[in-house]
Amino acid sequence: MKRYFLVKEYFGSRLYDSLKKSEFYLNETETVKIKEILAEQFNEINQPRVGQMSAPLKISMNLTKLCNLRCKQCFSNSGVKLEKELTTKDMYKLFDAMYENGTFFICLGGGEPLTRKDLLDILKYGKSKQLAISIVSNGLLLNKELIEKLNEMNLDYFWVSFEGLKENHEYLRGAGTFDKTLKSLELLKKFYKGKTALRMSINKRNLGDVSSLIKIAENYNIDLIRFTPLLDFGRAKGLDITIDQDQYIRFLDDIKKIKSKVKIVYPNMPINNKIWVGTNGFGCHCGKEAIWIDEVGNCSPCIFWGEKYNIGNIKQDSYVKIWEKSLNASNIAGNKVCLSCKNYLSCRGGCRARSLFLLKNLDDVDPLCPLKKNKQS
């Protein structure tokens, strides 16, 4: 089994290291050199598109609707399993298509993915296809035995969702969940051998908990923590806790000042390694670099774009056709304000879901634009 995959792209190529679960982006000259260095000890996928990615770089996925919690902010309204959720064989078929077309990263969420009885079988098959698989969990179903089995799967990251300190975490996720989540982090620290991460949906209530959550991450030897603004979507609709533009700007200013041994990821971070940025179209990565798949197989450029932007179903439609439709759906002209902005190559116009959700237009300025160039300023 060859360790490396070289995927031809319009800007050069992508080099995926299946051992380290990492991907590197090379221009034409670098591509020629790496081929010489690897001496054909790599798998080559050669199906480039003009000015577009040959395949999604990443898939985000709801593996099930079933969940052991009923979180107030859940964007997928999870709780009860659906009748026609993707089967084990459906997942195998998806992994086959990813392997054949050069998509190596997939993040499995829910619902709660740990409720799936076939999860270990799914992960084992994904491992055989050399994929980088991450899991997003609330962590409450973890135990030593399960963690030791997960150690065998060579996951990319095991993510735990956290919503701040006890009051704010339990406001959204339920009484008793804060201490239980800490116990899960302790189990991961003690028994898990892979990389761990926390994710927090920032809102009006928990903005003041950010630095404390980073300290929690440090205490439990977490590798990475990601912050994203909560959208007024799913069960979060009507909670009236989404942050406004000024709060978002203050958050960005504050987070940039925090130094930590934990890698901190937040929106509007400078893009350094994506050499194609600015040449493959306007807008965020949704639809042009990544797609979303729900628990019954429906695909979209972004789950927050809504059913109107459904681009197919992996049970009936080919992987290639789904990707073609995704590229078409995300082919956004771009507005003059963003395209003429000096920060465009860093933010690429910001979140298209927020523009669609709040301004009813995929092509508008992000309502949370940190430079306040949006129409709401």
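Smallest separation of non-hydrogen atoms from E152 and K127: O-NZ, 2.6 Å. In this structure, K81 and K65 approach most closely via the heavy-atom pair CA-CB, 4.3 Å. Contact detail for K21 and L131: the closest heavy-atom pair is NZ-O, 3.0 Å. Closest of all the heavy-atom pairs between I332 and F282 is O-CB, 3.4 Å. Between P267 and Y248, the closest heavy-atom pair is CB-OH, 2.9 Å. The minimum heavy-atom distance linking P370 with L252 is given by the pair CB-CD1, 3.8 Å.
Although no hydrogens or angles enter the test, the distance criterion places a donor-acceptor pair under 3.5 Å between the side chain of S78 and the main chain of G111. A distance-only check finds no donor-acceptor pair linking the side chain of N298 to the backbone of I293 [under 3.5 Å]. Side-chain atoms of N151 come within 3.5 Å of backbone atoms of K193 as a donor-acceptor pair (strictly under, hydrogens ignored). The main-chain N or O of M53 is never found under 3.5 Å from a side-chain atom of E9 such that the two would form a donor-acceptor pair. Side-chain atoms of E85 come within 3.5 Å of backbone N or O of L82 as a donor-acceptor pair. The backbone N or O of G110 sits less than 3.5 Å from a side-chain atom of S76, completing a donor-acceptor pair. Without hydrogens or angle criteria, N310 side chain to S300 main chain gives no donor-acceptor distance under 3.5 Å. Under a 3.5 Å cut-off, the side chain of N331 and the backbone N or O of L327 do not form any donor-acceptor pair. Judged purely by atom type and a 3.5 angstrom limit, S326 uses its side chain to pair as donor or acceptor with the backbone of G287. In this structure, the side chain of R3 does not engage the main chain of Q41 through any donor-acceptor pair within 3.5 Å.
Put simply, CE on M98 and NZ on K129 are 11.5 Å apart, with the number rounded to the nearest 0.5 Å. From E170, atom CD reaches atom NZ of K72 across 11.0 Å, with rounding to the nearest 0.5 Å. The distance from atom NE2 of H169 to atom CZ of F178, rounded to the nearest 0.5 Å, is 7.5 Å. The distance from the CZ atom of R205 to the CG atom of N168 is 5.0 Å, given to the nearest 0.5 Å. Of the inter-residue distances, the one linking W323 atom CH2 with Q52 atom CD reads 8.5 Å to the nearest 0.5 angstrom.
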Go through the steps for I314 and K93 under the test side-chain contact (heavy atoms from CB on, under 4.5 Å), then give the verdict.
CA-CA 9 Å; I314 61 169; K93 181 181 176 183; over 6 Å; no
Before you tell me yes or no, could you show the steps for F104 and F5 under side-chain contact (heavy atoms from CB on, under 4.5 Å), namely the whole-Å CA-CA distance, both residues' side-chain angles and the distance that decides it to 0.1 Å?
CA-CA 9 Å; F104 305 110; F5 291 76; 3.5 Å; yes
D121 and T88: CA distance, side-chain angles, deciding distance, side-chain hydrogen bond (donor to acceptor under 3.5 Å, both in side chains) verdict:
CA-CA 8 Å; D121 292 328; T88 312; 5.9 Å; no
Can you check side-chain contact (heavy atoms from CB on, under 4.5 Å) on Y266 and K256, steps first, answer last?
CA-CA 9 Å; Y266 55 89; K256 292 173 185 176; 3.4 Å; yes
Going through the distances and angles, do E289 and K58 end up as a salt bridge (Lys or Arg N to Asp or Glu O under 4.0 Å)?
CA-CA 7 Å; E289 299 166 25; K58 178 182 178 180; over 6 Å; no
Evaluate the side-chain contact (heavy atoms from CB on, under 4.5 Å) criterion for residues Q247 and K204: first the C-alpha distance (whole Å), next the side-chain angles of each, then the deciding distance (0.1 Å), finally the verdict.
CA-CA 8 Å; Q247 289 171 320; K204 289 179 181 178; 3.8 Å; yes
Are K373 and D366 close enough, and set up right, to give a salt bridge (Lys or Arg N to Asp or Glu O under 4.0 Å), and what steps lead you there?
CA-CA 8 Å; K373 293 189 175 183; D366 186 341; over 6 Å; no
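In the displayed structure, E40 atom CD is contacted under 6.0 Å by at most 12 heavy atoms of other residues, nucleotides or ligands.
Ring centers of F304 and F233: under 6.0 Å apart, within the cut-off. Between W292 and F75, the distance from one ring center to the other falls under 6.0 angstrom.
Side-chain contact annotation: Y319 with T103, donor-acceptor N/O pair under 3.5 Å present. With no hydrogens or angles considered, no side-chain donor-acceptor pair links D294 and N62 at under 3.5 Å. A donor and an acceptor atom, one from each side chain of N343 and S346, are nowhere located under 3.5 Å apart. Using modelled atom types and a 3.5 Å distance limit, the side chains of T279 and Y10 yield a donor-acceptor pair. Y309 and E307 form no side-chain donor-acceptor contact under 3.5 Å, judged by distance and modelled atom types alone.
Hydrophobic clustering places L120 together with F158 (ILVMFWY residues linked when any side-chain heavy atoms are closer than 4.5 Å, directly or through intermediates). The same ILVMFWY cluster, assembled from side-chain heavy atoms under 4.5 Å apart, contains both M153 and L114. L94 and Y92 fall within a single hydrophobic cluster, where Ile, Leu, Val, Met, Phe, Trp and Tyr are joined by side-chain heavy atoms under 4.5 Å apart, directly or via other members. Following chains of ILVMFWY side-chain contacts shorter than 4.5 Å, one cannot reach L119 starting from L69, and the two form parts of different hydrophobic clusters. Criterion: ILVMFWY side-chain heavy atoms under 4.5 Å apart, direct or through other members. Under it, L57 and V320 are not part of a common hydrophobic cluster.
For D253, the side-chain contact (heavy atoms from CB on, under 4.5 Å) test picks out I249, with sequence neighbours left out. Here S128 pairs with Y125 under the side-chain contact (heavy atoms from CB on, under 4.5 Å) rule; sequence neighbours left out. Evaluation of the salt bridge (Lys or Arg N to Asp or Glu O under 4.0 Å) rule for K315 yields no partner, not counting sequence neighbours.
Relative ring orientation between Y16 and F105 is described as perpendicular, the plane-to-plane angle rising above 60° on a 0-90° scale split at 30° and 60°.
I45 has its side chain within reach of Q47: a pair of non-hydrogen atoms, C-beta onward, lies under 4.5 Å apart. Using a 4.5 Å heavy-atom threshold, the side chains of F11 and N27 count as separate. Between R235 and Q73 there is no side-chain heavy-atom pair separated by less than 4.5 Å. Between F95 and D90 the shortest side-chain heavy-atom distance does not fall below 4.5 Å.
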Report, one line per pair, each donor and acceptor closer than 3.5 Å where one atom sits in a side chain of residues 133-141; sequence neighbours left out.
from : atom 1 : to   : atom 2 : distance (Å)
S134 : OG     : Y157 : N      : 3.3
S137 : OG     : E112 : OE1    : 3.2
S137 : OG     : E112 : OE2    : 2.9
S137 : OG     : G139 : N      : 2.8
N138 : OD1    : L140 : N      : 3.0
N138 : ND2    : N68  : OD1    : 2.9
N138 : ND2    : E112 : OE1    : 3.1

Only distances under 3.5 Å count here; give the side-chain donor-acceptor pairs of residues 213-225 to other protein atoms, sequence neighbours excluded, each with its distance to 0.1 Å.
from : atom 1 : to   : atom 2 : distance (Å)
E218 : OE2    : S260 : OG     : 2.6
N219 : ND2    : K215 : O      : 3.3
D223 : OD2    : T196 : N      : 2.9

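Between E145 and K149 there is a salt bridge, since a side-chain N of the basic residue sits under 4.0 Å from a carboxylate O of the acidic one. Using a cut-off of 4.0 Å between Lys/Arg side-chain N and Asp/Glu carboxylate O, R352 and D363 are scored as not salt-bridged.
Other residues sharing the hydrophobic cluster of L239, ordered by chain and number and joined by side-chain separations under 4.5 Å: Y171, L172, L230, I241.
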